[in-house]
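The chains referred to below are lettered A, B, ... by the order of the sequence lines, with proteins before strands, and numbering in each begins at 1.
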Amino acid sequence: MKLQTSTAVHSPLTRETFIKRRELKENSLSLSVLLYAQMLITAALSLMNVASTASYLSLLFSLLPAALVYMLSSFAVKKGKTLTSPAAFLFALLFFSDMALNLFSLTEITGAYVLPKYPRMAICLPAALLTGLALTGKQQGSARRTSVFLILFFLGALAVCLFFAVPESDIGYLFPLLGYGETEILRGGICMTGSLWIAAALPYFTHAPGLRVKTALFPLIAVFVMTGVLLVCACLLPAPLFPGDWGFVLRLQLLMEMSPNTLTWSLMLISRMLLFLCAFASAGDFCCECLRKARKGRKANILLLAALSVPLSLLPFDKLLPFLSLALPLRFLIAFAGAVLPLFKKETP
Amino acid sequence: MPLSSLKQGALTDVFSENAQLIEDAMHIPLCEDSVKRDLTVAGKPARIYFVDGMIDNERIAHYMLMPCMQTPPRDLSPEEFIHTALPVGSVSHTQQLSELLLRVYSGDAALICEGMTGAVICDVKGYVKRSVSKPQTESVVQGPQEGFTETLRDNIVLLRRIMRSPQLISHASSVGSRIPTRVSVLYLKGVAEEENVKEVLRRLEGCNVDYVSSIGMLEQLLEDDPFSLLPQVIATERPDRAASFLLSGQILIALDNAPQMLCMPISAFHLFHAPDDSALRWQYGTFLRFLRLFGLLCALLAPPLFVALTMHHTEGIPLSLFTSVQEAQSRMPIGIFPATLLMLIVFSLINEACIRVPAVMGGSLGVVSALILGQAAVQADLVNPQLIVMVALSGLGSFVLPDYPTTIALRILQLLLVIAGGTAGYFGVTLLLFLMLLHAFSRRSLDTPLFAPVIPQRTHNPDLITRFPVWRQRLRGYLSNPASMLRSRGRMRGWEEK
C-alpha cells in the first residue's frame, strides 16, 4: 500500500516565498488596524467639534495627499529601493507618536466609561508596561499577528453596531453639504491627512520586488470602513453645529455609533479598547523594526518604548487642539520625507 | 545502582565472571523475586536469569529450558545457539550488562553458558496486564470503542492494526537513568517532517531524569514552553485518533506503563476537536465544533463579564435585569466579586471531588453539590441566583471541551479574568484578554506556531473550526512533509465523474 499519494507541491524556494508573502500580508493587515485606529483618534480629536457631514467630507479631502505619498513610496519600492536609515528613523518617530496617541485614546476612553475614579496614570501605566512586558523577548511580528486575528473582531463588532445604528439614521442630516463651513472642512481634512501618513510607509512594509501580493486591498478596506463610520455618524448626528467644547470623550462616544442598546454599547466599548491596545502594540512592533533598520541591525527594546510613550500619552491633547491642528499635519510632512528619501539613495554596485 | 552506571559492564566468555556480575547487579539472593536457574546446555554449565512473575512459566519451560537441556554436547557460538537451539520468536544476543538488566526487568529471560561470550536473551514475557477496554476520557458516540492500555507493545499493536503499512516507523528508545522506561517514537515515514522526527529524538535523548513515572511527566520534559498555561502537546488514549494524527504528519510518543500517547506538534485547534468529529457527517461535525466554540466563550467570559457589568458598568445591563440583580444582591451578605470567585472555586472543588470520589459515592456527591450548594445557598440568601446561572453556564461551557488539560487551563484563566473584571471592569478584562492573545499567538509546539495555520497563515486541511466534507479535505495539513501535502489525486468522489 502506498500512502504517499501526492507529488511535491512545495520546493524550498516556494516555501521561502510563501513565508515572505505571509509576512507582507500580516504587515498589511496590521497597518490597516493602525490606520483605522489613527483615523478614529484624529476624527475624535479634531473633527467632531464640527461633526456631521464635515467630518465625512474632510476625510474624502484627505485621501488625495495620502494617495500621492502612497504612489511615491510604491514607485520607490518598484525601483528596488528599500528603507534607508534616515527614512527608517523618521518612520520610527511616527510609529512612536502612534503609540502615544493610541495609549492616550485608551486612557481617555477607559477613564470616561470604565474607571472614572482612577487617575489617568493608573490606567495608562499598567496598560503600557504590561503590553511592553508581554512583547519583550517575543518574536518580532507577534503583535502584528494578534492584530490580524483581532481585525475580525473589530469588523464584527462594527457590523453589529451599524446594524443597530443604521435604522436610526436620517440621510437628511447630510444636507446642505457645505453648511458647516468650508474652512472647518479644510482644517479637518488637513488634520486627518496626518493620520493617513501610514500610506507613505505601507509599500515599504507590504511590497517586495518580484513578489506579487494582493495586500493593497486591506488598507483600502480600512479607509472604506472609516468612511462608512463617519458617514453613519453624519447621518446619526443632528444637523446643526455642536456648540462649545465637546471634549474628546464625548466625541468618541459619538463615534461609538451612538449605540442604541446596551449590547452594542458594551461591544463597542470593548472593541475600541482592544483596538487601541492592539494598535499600540503593533505600532511598537513596527517602531522596533524601523529602529532596527535605522541602527543597522541593533534591536530596540519595546518595553522601553512603551514606558517612554506613557508621559506623552498623559499630555492633555484635548486641551491642545490648536497645537494639534499644526502637529498632526506635520506628521504627514515627516512621512512624505520618509517616502521620498529612499529615492535619493545611490545604487551600490 | 543506576543502570546508566553499568554501561561499562561488559560480559565476557568466562561463565563464573558473568554470573557474578549479573548476580551482583540483580542482588541475588537478597532480592527474592530475582531468580537464577542452573542447567546444562550442550554439556556445559549454564544459568538462566529472570524475574519471577514477569515471565510466562509455560513459555520458559517449553521454549527455553527444554530445548536447552536437549541440546547435544558440542561447542556453540551464540549465533549458532540462537539459530539451532531456541524456538523463540524474539531472541537476541548481548554483551552489555545494562541491556541485559533492562530486558530481564522487562520480562525477558537471560541465558549465560560456559564458553559463550555474552548472554542470550529470550522474550518469554508473561506479566499481568490490563486488557483492551473502552477509553475513559475520550468517549465517543460513533466510532471505535477501544483505548490504549498500559503496555507499550499492545499499544503499538493497536495502532499497527489500524495502519497496516511498513511506512509506520516505531523508533524504540528509553528515558530515565536509574529506572529506564521504554519509549517509542512513532511516525509515518514520508508523511512526517524529518526535521520534526529528529527534533523529538533530540529532545528525548536530552531528558536527564532518573525516572519518568507518567506520560504527563514526559510531556513536561518535552514541551516547548513549560511555563505557559496552554497545552502544547495532546495526549490521546484512542488508537484511531492517534492514527489520524500520524496521517496528518504528526509524531506520536508512546511510553511504557502509560495508557495514552503524546502527539507533537499540534495546533491549538486540535484541542477543540473531538475524536468522533470525523466519524460524523460534516454538517453535524461543524455544528458541534461551533457549539464547542460557544462553550469556550461562555466558560471564559460569562463570569468575568457578569462581574464587570454588575460592578462597574451597570449602564451596560438592560434595566429589567439590572433591577433583579440589584434586588437579589441587596439581601446577600457578600458582594458579587468575592461571591463569583467563591462559586468558581466551589465549582472546581465539586469537579475535582467528582473525579476522585469512588463511583459508588458519585450519587451522594451529586445531591450534595446540586441541592446543598446550589438550592440551599440561594434559599439562604448566600449567593445571587443570577450568579449561579452564570457559573453553571461557564461550567457547562468548559465541559464541552474534549481536552482535559485545556479545561484546567480554562478554569485558571477564568479566575484571572474574574479578578481583572472585578478590579478594573471591562478595561481589566480587555487588557488581560489582549495579553493572553499576545501570549497565545507567540507559543510554539515543536517549533511550529501553536495557532497556525490561522496565525500565522499556512496551507491547511479545511478541518479547523468548521469541518469541510471529507471529500473536500484533499490537503494533509501544514504539519506534514510538504512533499506529501496532498492526500489524493483527483476527485475523492471519483465515481461521480462516471
Test salt bridge (charged side-chain N to carboxylate O under 4.0 Å, His left out) applied to E223(B) - qualifying residues, sequence neighbours left out: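 With sequence neighbours excluded, E223(B) shows a salt bridge (charged side-chain N to carboxylate O under 4.0 Å, His left out) to no residue whatsoever.
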Just verifying a value: how many Å separate [X] [atom1] and [Y] [atom2], rounded to the nearest 0.5 Å?
{"X": "I109(A)", "Y": "F427(B)", "atom1": "CD1", "atom2": "CZ", "result": "11.5 Å"}
{"X": "I455(B)", "Y": "T146(A)", "atom1": "CD1", "atom2": "OG1", "result": "7.0 Å"}
{"X": "L115(A)", "Y": "Y426(B)", "atom1": "CG", "atom2": "OH", "result": "13.0 Å"}

Criterion side-chain contact (heavy atoms from CB on, under 4.5 Å) against M273(A), the qualifying member of V429(B), T430(B), L431(B): T430(B)
Among R144(A), K25(A), E26(A), side-chain contact (heavy atoms from CB on, under 4.5 Å) partner for P456(B): E26(A)
Most contacts with chain A, counted as non-hydrogen pairs under 4.5 angstrom, among I317(B), V454(B), L309(B), L438(B):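 Answer, by heavy-atom pair count under 4.5 Å with chain A: L438(B).
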Between L133(A), I123(A), V148(A), the one whose heavy-atom pairs under 4.5 Å with chain B are most numerous: I123(A)
Contact winner vs chain B - P116(A), A127(A), P126(A), A134(A), heavy-atom pairs under 4.5 Å: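 Ranked by heavy-atom pairs under 4.5 Å with chain B, first place is A127(A).
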Using a 3.5 Å cut-off and no angle test, enumerate the donor-acceptor pairs between side-chain atoms of residues 274-281 of chain A and protein atoms at least two apart in sequence or in another chain.
none

Heavy-atom contact with chain B under 4.5 Å, split by part of T131(A):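 Contact with chain B involves both backbone and side-chain atoms of T131(A).
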Within-4.5 Å side-chain heavy-atom neighbours: L150(A) and F434(B):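 Yes, close enough: below the 4.5 Å cut-off.
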Interchain contact, L433(B) with chain A, by part (heavy-atom threshold 4.5 Å): neither
Portion of T423(B) that has a non-hydrogen atom of chain A nearer than 4.5 angstrom: backbone
Atom CZ of F337(B): over 12 foreign heavy atoms under 6.0 Å: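 Above 12, so yes.
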R493(B), CZ: over 12 other non-hydrogen atoms inside 6.0 angstrom: yes
